[in-house]
Every structure is written in C-alpha cells, then in structure tokens.
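Structure record follows, encoded as structure tokens.
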There are 2 protein chains.
Amino acid sequence: MQTIKEVAKMAGVGLGTVSRVLNDSGYVKESTRQKVLAAVEALHYVPNDVARNLRHQSTRFVGLIIPTIWHPFFSKLAYFIEQELYLYDYKMLLCNSEQALDKELRYFEMLQKSQVAGIIMISYNDFPEPQSDLPIVTIDRIISPRFLHVSADNRHGGELAAEALVQRGCRKLLFLGSASPVPTEVDKRREGFVRKARELGVSCTVYEETVLLKQELSVIQNFLAQDIPFDGALTSSDLFAAALIKALGDKGQTCPDDFQVIGFDGIQDNPYFKPILATIRQPVEKMARRSVELLLDKINNQAAGEDTIIDIEFFAGETVKPIV
Amino acid sequence: MQTIKEVAKMAGVGLGTVSRVLNDSGYVKESTRQKVLAAVEALHYVPNDVARNLRHQSTRFVGLIIPTIWHPFFSKLAYFIEQELYLYDYKMLLCNSEQALDKELRYFEMLQKSQVAGIIMISYNDFPEPQSDLPIVTIDRIISPRFLHVSADNRHGGELAAEALVQRGCRKLLFLGSASPVPTEVDKRREGFVRKARELGVSCTVYEETVLLKQELSVIQNFLAQDIPFDGALTSSDLFAAALIKALGDKGQTCPDDFQVIGFDGIQDNPYFKPILATIRQPVEKMARRSVELLLDKINNQAAGEDTIIDIEFFAGETVKPIV
DNA sequence: AATTTTATTGAAATTGTTTCCAAATGAATT
DNA sequence: AATTCATTTGGAAACAATTTCAATAAAATT
C-alpha cells in the first residue's frame, strides 16, 4: 500500500509537506504543491483514515442501532439519517438489534471500541446507563436524561385518532396493539387516545400484549377470541391495522362499513396496495434530520440543542368513513 | 480517555503484558492476569480499535453500497448481510447511492480511505475499474471479472413467468418495466421470458424505459397510451406489477380476470395488503449470505469461491388465474 | 545595510495499540 | 553445579498520519 512516505520520496519533499498539501493547511509553495499532487496521482495514493483518526483522536463514524432495517419505518428513518450524515461527511454503521437487549449492548460496546463520534439508537428495552459520555440520541423513547431525544408527538397522534373516529360516527373505541415492558411512546398514543375518548364521552377499550415485531396476527386472534365489540379502532402500528382488517375481512366484515380503523406510522408510500390505511403519520424525515442535527451539535459543541417533539398528522386513507 | 498505559500503571505491569492479557496471546502468569483484569475493570477501560486497526493494517469494516435502503428489496438484503457479517464480527457501513454514479464513486473513495476490508455493491451504472485490489462482491449485476458476483437465476425467472402465464391461458405476452443503460440482470429476465414465449409459440411484446426507482406510474402511463394489447405480463419488478394493476383497475379492468400479471422480486412479506402479487421470488436471504461468504473468503484466503447464481421460484399469488 | 516580517520546509514527537526481542526467573535435566 | 528449557516480563519499534518546532529563505520595512 502507498503511504505519505512514498509520496514524499517521489515528490522529493518531507512528510510534513505532503500532509500540508493534502490538508490545505499552513504554507506551501505552489510549485511544490504541484509536485506533491503529481506524485499522489502517479502512485494512486489514498489517505489512510485509520491513521488520521488515531492522530486526531476522533472519527467520523456514527452508529445507528435499530430493531431491524427490514421494516419500512426503520428503513425510511435510516435512509434519511444516512442522507443527512453524508452531508456532513459522517459515515453510518448500521446495527440490527432484533430488539434484543444483549445484542444492543454488544453493539454498543463494538461501537465504543470503534471510537464512533456518536450513536443514534432506537431501543425498547431497559437499556442501562453507560459509563462513557458518548453523545447519544434516542428516537421514539426517552431512555435517560443524559441522552438527547427526538420523538413524534404521539399523545397528540392518539388524540387526533380518537377525534377522527368520533367525528366519523364511532361510539365504541378500541386501542389495539403491542406494549413494551418499559414505558415508551406507544403508551402516549394510547393515553392520548383514551383521554380524548373520555373527553368526547365515548367508550374505549384497550387491548395490548407484549410481543415482538411480526407477531401481529396472533395478538389479533387472541383479541377476537374475546368478542369485544367496537366500531372504531386505533392500532399501535400500521401492520396491526392491516392485520385487523384482514382478520375481520376473513370473517365477512368490511372496513370501513362495519368498522373503522386507523393505523400508526404511515409506512405506505405508494398507492398501489389496498387497503390504503387511514393512519397517524410520523414525520419520519424530520425526525431523522433533527436527530442528526442534535447529535452533531453535541459532538461538535458539547452544548447541544433541546430534546424535540415533532408534530404529527392524520391521514384519512380508505379505512375510515367520510366525516358525517 | 483510558488507555492501555493507565491500565499498565495501575496493575503495576508493562504495556506488553496488558496487551497479552487482553488478547490471550503469549505467556502470562495467572496472578498478573488477574491484576490486569482488575485494573481494566476499575478504569472502565475500552480498547481502541482505531489504534489496533492501524497496527494490524486491517479493519473489520465492510461497506455496503446500494441504491436506497428505503426500498424493501434492498432493506431485506441489507438486513441479512448485516446479520451474517455480525456473526464474523464485521461491522457494516451503509451507503445509499441513489443510483447516482458520482455518489457511488464518492462512497467508494470514502470506504477506501476508511480501510474497509471489502465492499458489497449493487450498482446499475457504468462503474469504472478501480485501481485497488480491494475485495468486492457485486450483487445482481456483473460489473467486472475482477469482482466476485452473486445473482438470482433471472433468466430462469423469466422462463418460469412465461410458462406460468401460458399455462394459465395467456397468448399475448408482455414484458414491461425499466431498463438500465448498461447490461443488467433485468435483461436476463426479459431474455428468458421472450425466449420461452417464442418456444411456446405465443406472441410477446417488450416495453421498456430507462428510469430510476419510483417512476413506475409514468412508465405505465406511456405504455397504456400506446394501446398495446396483452393478456399476460411479466414486469421488471413488483412495484411495476402493482402499478400496472392499479392503472388498469382505474380503467375498469380487473386482474386476473381481464389480464394476468406476474411481478419480480417478492417484496411482499405479509399477507395483509392486496393484491397479493404473483411474482418471481428472489432468494434474498441466500443471496445475502452467499455474498458475505464470498467476500470473507476473499478477504481471508485471497483464494475465493466462485461466482454464484442462485435458483429462483415462482409464487402464484392472486394476480394470475388457476392453471387451466 | 540592518532588521523585521512572511513564506517555506524537514525533522521530530505524538496518537494507542501489537509484536518482536532481549533479559530474567524458575524448573528440569544433565 | 552446570546446562538446558520453558515461563514471564518490560521496553522498543512499528503502524500512517498530523502538528509543533526550529531553521532557513525570501520579501518588506526601517
């Protein structure tokens, strides 16, 4: 491999001079600059960031720990995070934790050893306080006051859903979905929904189970076995909404005529597949960009911006009726 | 930050001894081992991989360059690649190229500077031969004989689709989708399809435009404007299939009664959304694992395995009729 | 012409680790 | 008691860059 040494020798200059040319720092005569650049070109020299990082005692790596990239919500988030990091010349290390705490911890350690500049993390586990003071942003869940945090306004999302359903004639509301063993933003969706339902004077049932991703159907089956009546539902995610509609459809009930459903997240981004879910859309792009902004602020200034709650919106789709 | 030096001082031993303990290499007395480990614990020492990498002249980073993680095919692929890399203690740097050559090149350079051990790449551009001999695996397209390569058996996929449609009564076949400016595996899908159609004695039209991702609808509109008759279509991707069904649905034609459609890729992985596309399923997981296997072989042994074509299967879904 | 300032350069020190080498210790063998 | 051999250890060199420092050269000012 070619190093700065070979470049220096070929150009007939000292090591420092090559470095100065490469980094545009300090004085260097134009003619020597040209000699050095010519040598760089001729030798196909590529700077070694490992050495540079060691000397600088820092890297431009950022770790992203998410449950799984194989889920449209997280993949969209990761897309925008990477895009934003790229603008600032940071590189993204992707870590799929499978929602398992031990994997999250192992990844965390791995990232620390790699001297990442910071970490963006989505964890729904009881993540322990780390020793280090590595800059960390959590999305969708407050883990520690020492971490920065970005979320959508989930409580408001719950309220919007309750309002939308009641406006459309529903009187027996249902919140259906999965709960985490620890407090999360999903709780706020439920809280906002239940509170608004009470405020509007309609009944509201909550059915939750603690399950991992992709377990939607089994939760739905358990719920249906209980024969709880409802005419409008908010689910904890879009996939639950779709699964509910599917399960009831198999029993001959149609949406939105027999029941109305609103999902949460907004993962459908093309209009080709049915049903087009009514949903509370998370502002994924804004969340991603804000997370990066907060993280880089912290990395560069130590004085970081504030935790951020980003507004959310209701999208009517086809699984609710028109307003009466 | 704590270094091996502080650990050595605290444990009252030399630098080399600490290193030997940490790496389980060479001789070290049990009692000193304990002293060192105690110091590591007490100081919350975390090894610095940057320094280690510099000394070893290698890293355990692998770059993944894909058009966009915000697309289910690539996100699924990335998921399995990361999972497999994790088993071997490699970390994945994710790069979204947006299918733009300049971004691919900039990422390539970035990864080189970071001294990645290898790169897995999906590019549909005219990617130039690099100078370096960095281990590289390309998926879904042969770019250079110097790169290793993994694909699905796309030609066979095209054949399977033609057979399936003809078996189901189609006589006027259509291949519809996007083409790249360079030869890709999509060409093989078309070739297999057209060849099998001819073999079976049915007519076959090809309609292709060169577009980026997410442009499906405009291609479909242009195609429909030409009023080309067909009764069975294979599209270059699932999204094209869904868009075609949607567009014709808006015109009052229903699938599979008025026309049958088979997509390509197999991106639907839950049964909640309609239509459930008939499709040629790419063996994404196998492709991912094989790519990693090939890459690591090359990294570790230089003597690498062979380019791999992985078999593909037809999934009937709901957008084709039962066999007549 | 002497002095100051600015421009230009190479050499040396530094970053945190691994690994080689020499020295020292201890045990086993002659 | 002398020699061999296996353990155990600390120190130095190396990895590829950056940055400080001092030295020199050139230009500008007195």
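Protein chains get the first letters and strands the later ones, always in sequence-line order, with residue 1 at the start of each.
Relative to the side chain of Val28(B), the nucleotides dT9(D), dA17(D), dT7(D) differ in distance, and dT9(D) lies closest. Closest to the side chain of Thr17(A), out of dG11(D), dG10(C), dA14(D), is dG10(C). Among dT18(D), dT15(C), dT20(D), the nucleotide with an atom closest to any side-chain atom of Arg20(A) is dT20(D). Listed nucleotides: dC15(D), dG10(C), dT8(C). Nearest to the side chain of Gln57(B): dC15(D). With distances taken from any side-chain atom of Ser19(A) to the nucleotides dT9(C), dT18(D), dG16(C), the minimum falls on dT18(D). The side chain of His56(B) approaches dT19(C) more closely than any other nucleotide in the set dG10(C), dT6(C), dT19(C). Which of dT9(D), dT18(D), dG16(C) sits closest to the side chain of Lys29(B) comes down to dT9(D).
Side-chain contact, Gln34(B) with Ser31(B): no donor N or O sits under 3.5 Å from an acceptor N or O. Residues Tyr86(B) and Asn96(A) have side chains that never bring a donor and an acceptor to within less than 3.5 angstrom of each other. There is a side-chain donor-acceptor pair under 3.5 Å between Arg52(A) and Asn23(A). Counting only N and O atoms by type, the side chains of Gln115(B) and Asp49(A) include no donor and acceptor under 3.5 Å apart. Using a 3.5 Å distance cut-off with no hydrogens or angles, the side chains of Ser132(B) and Gln112(B) do pair a donor with an acceptor.
For Tyr45(B) and dT17(C), the shortest distance from a side-chain N or O to OP1 or OP2 is below 4.0 Å. Phosphate proximity of dT7(D) to Tyr27(B): present, with a side-chain N or O under 4.0 Å from OP1 or OP2.
Taking atom CG of Leu54(A) as the reference point, atom P of dT19(D) lies 13 Å away to the nearest angstrom. Separating the CD atom of Gln34(B) from the C1' atom of dT8(D) is a distance of 16 Å, rounded to the nearest angstrom. Rounded to whole Å, the distance from CG on Leu22(A) to P on dT19(D) is 12 Å. Atom NZ of Lys5(A) is separated from atom P of dA12(C) by 13 Å (rounded to the nearest Å). The separation between Arg33(B) atom CZ and dT9(D) atom P is 12 Å, rounded to whole Å. Taking atom CG of residue Asp49(A) and atom P of nucleotide dT18(D), one finds them 9 Å apart after rounding to whole Å. Taking atom NZ of residue Lys35(B) and atom C1' of nucleotide dG10(D), one finds them 13 Å apart after rounding to whole Å. If you take NZ of Lys113(B) and P of dA17(D), they are 11 Å apart, rounded to a whole angstrom.
Two residues, Ser25(A) and Met1(A), neighbour DNA chain D, and the one matched to the more 5' nucleotide by heavy-atom proximity is Met1(A).
At a threshold of 4.0 angstrom between heavy atoms, the contacts of Val13(B) are confined to the sugar-phosphate backbone, with no base atom among them. Here Thr32(A) lies in heavy-atom contact (under 4.0 Å) with sugar-phosphate atoms only. Residue Thr3(B) is in sugar-phosphate contact alone, with no base atom involved, counting any heavy-atom pair closer than 4.0 Å across all strands shown. When heavy atoms are screened at a 4.0 angstrom cut-off, Asn23(A) is found touching the sugar-phosphate backbone but no base atom.
Between the side chain of Arg55(A) and the base of dT18(D) there is at least one donor-acceptor pair of N/O atoms closer than 3.5 Å.
Between the Glu82(B) side chain and the Tyr79(B) main chain, no donor and acceptor come within less than 3.5 Å of each other.
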